[in-house]
Amino acid sequence: MMALSQMSREQLEQEKAQLEKRYHAFQSRGLKLDMSRGKPGNDQLDLSNGMLEVLTADDYKAENGLDCRNYGNSDGLPEMRKIFADLLEIDPDEVIVGGNSSLTMMFDNIASNMTHGVRDGKPWGRQGEVKFLCPVPGYDRHFAICEYFHIKMINVPLHSDGPDMDMVERLVSSDPLIKGIWCVPKYSNPDGVVYSDETVRRFAHLKPAADDFRIYWDNAYMIHHLGEEPAKILNLLTECEKAGNPNMPLIFTSFSKVSFSGAAVAAMAASKSNIDYIKKRLTVQAIGPDKLNQLRHVRFFKDANGVRAHMKKHAAILRPKFAAVLDKLDEELTPYSVATWEKPTGGYFVSVNVAEGTAKRVVQLCKEAGVVLTGAGATYPYGKDPLDRNIRLAPTYPPLEEVKEAIELFCICTKLAAVEKMLES
Ligand code: PMP
């Protein structure tokens, strides 16, 4: 096999014919597979079924005597805060435990800043065209929040050690309308990138032109390791304190991919003074979160080590799926030099850059043969991938056998789209 770029027109025609044969064979099988969203598989959800039985009719009190059936404790159960604090390596006073979704907490924080300003400052919504920096490729739902609030998004390239910090520093220090940046610092969605210590330190030392600038540090995959050696990142909160920027970071995480995606517990962490400010809003919004669900989580996991042990069971289920994807990509695409991808050591995705100008075509070809992928462009603000080349693969939900079929089809489509493009030019 040779790189596509080295092939003569005749060789490309031959290659195309062979790929089409394989493609049509797939099409005739009438597959119906979905690799579009980063959902846990049913076997992963089963790991937490014990949680449904862990509470009994006489077990509804938290360790401080609080009756979890009743109203109260807007920032969550102390023991649940402690579990999150231990995992995030911060103080329980710096944590608020919320409802089931961290995305809701991010959305709410931005909504609050739009209408009420950061800590009673001038509302973002009355400052003109406010902007967010968006490391790309990134998470489509972050971008959707910005679009919803008409916050202008600016792409910043994401490298293998984090966002392009030269660009971040330059923009943040020069434009007072830049109010935030989205970061997924560990096993990023979709590349699986882990931010280096230097990147985290540079974040902590930012000198924003806006005094109401915030770093949205979405640590959704903080404990979602696939390999034997868990990746470690520096603690942004501590680094920001040391750098004299204690109130700049807002950290988010959740158990959506630890327990049940639809019924987990989410948390937010920040400086004590930010937390006190945010709590004031919480007490207006609700008379307390679902404490019984928090208690279920506490009983089931017991402590941070219980959570870590549970994550090893997830990893055992996910490892073969990621290996199937990475091995097939390597086998089918490497010899053709037709795509590049990161090899994630954690998280939920494999992100592939196919030949420029072909991502949409690859997704369409896959769809027409029965495999749904995340839409091309979804990993970029406004759904616009300037090079039309990034595709996010989400191998966690389908069973292993289906992942194997889907990835083979993906490889065929990637090559076919590249060959088509070369023959066009
Ligand atoms: N952040 C990132 C980076 C994610 O990938 C996801 C889930 N796909 C979420 C947040 C959603 O989190 P939650 O379920 O806690 O709202």
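Read the numbers this way: they start at 1 and go in the same order the structure lists the ligands and their atoms. Counting from 1, the numbers follow the sequence of the chain as shown.
Ligand 1 has no N or O atom lying under 3.5 Å from any N or O atom of His142, backbone or side chain. Remark: ligand 1 and Asn100 share no N or O pair separated by less than 3.5 Å (distance only, no angle test). Residue-to-ligand polar distances keep Thr104 apart from ligand 1: every N/O pair is separated by 3.5 Å or more.
Both the sub-6.0 Å distance and the 45° axial angle are satisfied by Lys257 relative to the ring of Tyr348. Both the sub-6.0 Å distance and the 45° axial angle are not jointly satisfied by Lys186 relative to the ring of Tyr221.
Counting heavy atoms from C-beta outward, Lys131 and Leu171 have side chains that stay 4.5 Å or more apart. Between Arg81 and Asp93 there is a side-chain heavy-atom pair separated by less than 4.5 Å.
Of the protein's heavy atoms, Tyr139 OH, 3.2 Å lies nearest to atom 6 (C) of ligand 1. Nearest protein heavy-atom contact of atom 12 (O) of ligand 1 is Ser102 OG, 3.2 Å. When hydrogens are left out, the protein atom nearest atom 16 (O) of ligand 1 is Ser101 OG, 2.7 Å; that is the closest non-hydrogen contact.
For ligand 1, the atoms sitting less than 4.0 Å from at least one non-hydrogen atom of Ser254 are 13 (P), 15 (O), numbered in the order shown with element in parentheses. Every atom of ligand 1 is numbered from 1 in the order shown, and the set under 4.0 Å from a heavy atom of Ser256 is 13 (P), 14 (O), 15 (O). Remark: ligand 1 atoms within the under-4.0 Å shell around heavy atoms of Ala220 are 1 (N), 2 (C), 3 (C).
When each of Leu409, Ile412, Leu416 is paired with Arg22, the side chain to side chain contact (heavy atoms under 4.5 Å, CB included) condition holds for Ile412 and for no other.
Only the side chain of Lys257 comes within contact range of ligand 1, with a heavy atom under 4.0 Å; no backbone atom does.
Relative to atom 2 (C) of ligand 1, the option among Asp140, Asp218, Val184, Leu103 with the closest non-hydrogen atom is Asp218.
Ligand 1 lies within reach of Tyr221, whose nearest heavy atom is under 4.0 Å from it.
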**Request:** May I have the step-by-step check of side-chain contact (heavy atoms from CB on, under 4.5 Å) for Phe203 and Val172, ending in yes or no?
**Result:** CA-CA 10 Å; Phe203 265 111; Val172 165; over 6 Å; no
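Side-chain atoms of Asn245 and His205 include no donor-acceptor pair closer than 3.5 Å. In the model, Asn247 has no side-chain atom that pairs as donor or acceptor with a side-chain atom of Arg214 under 3.5 Å.
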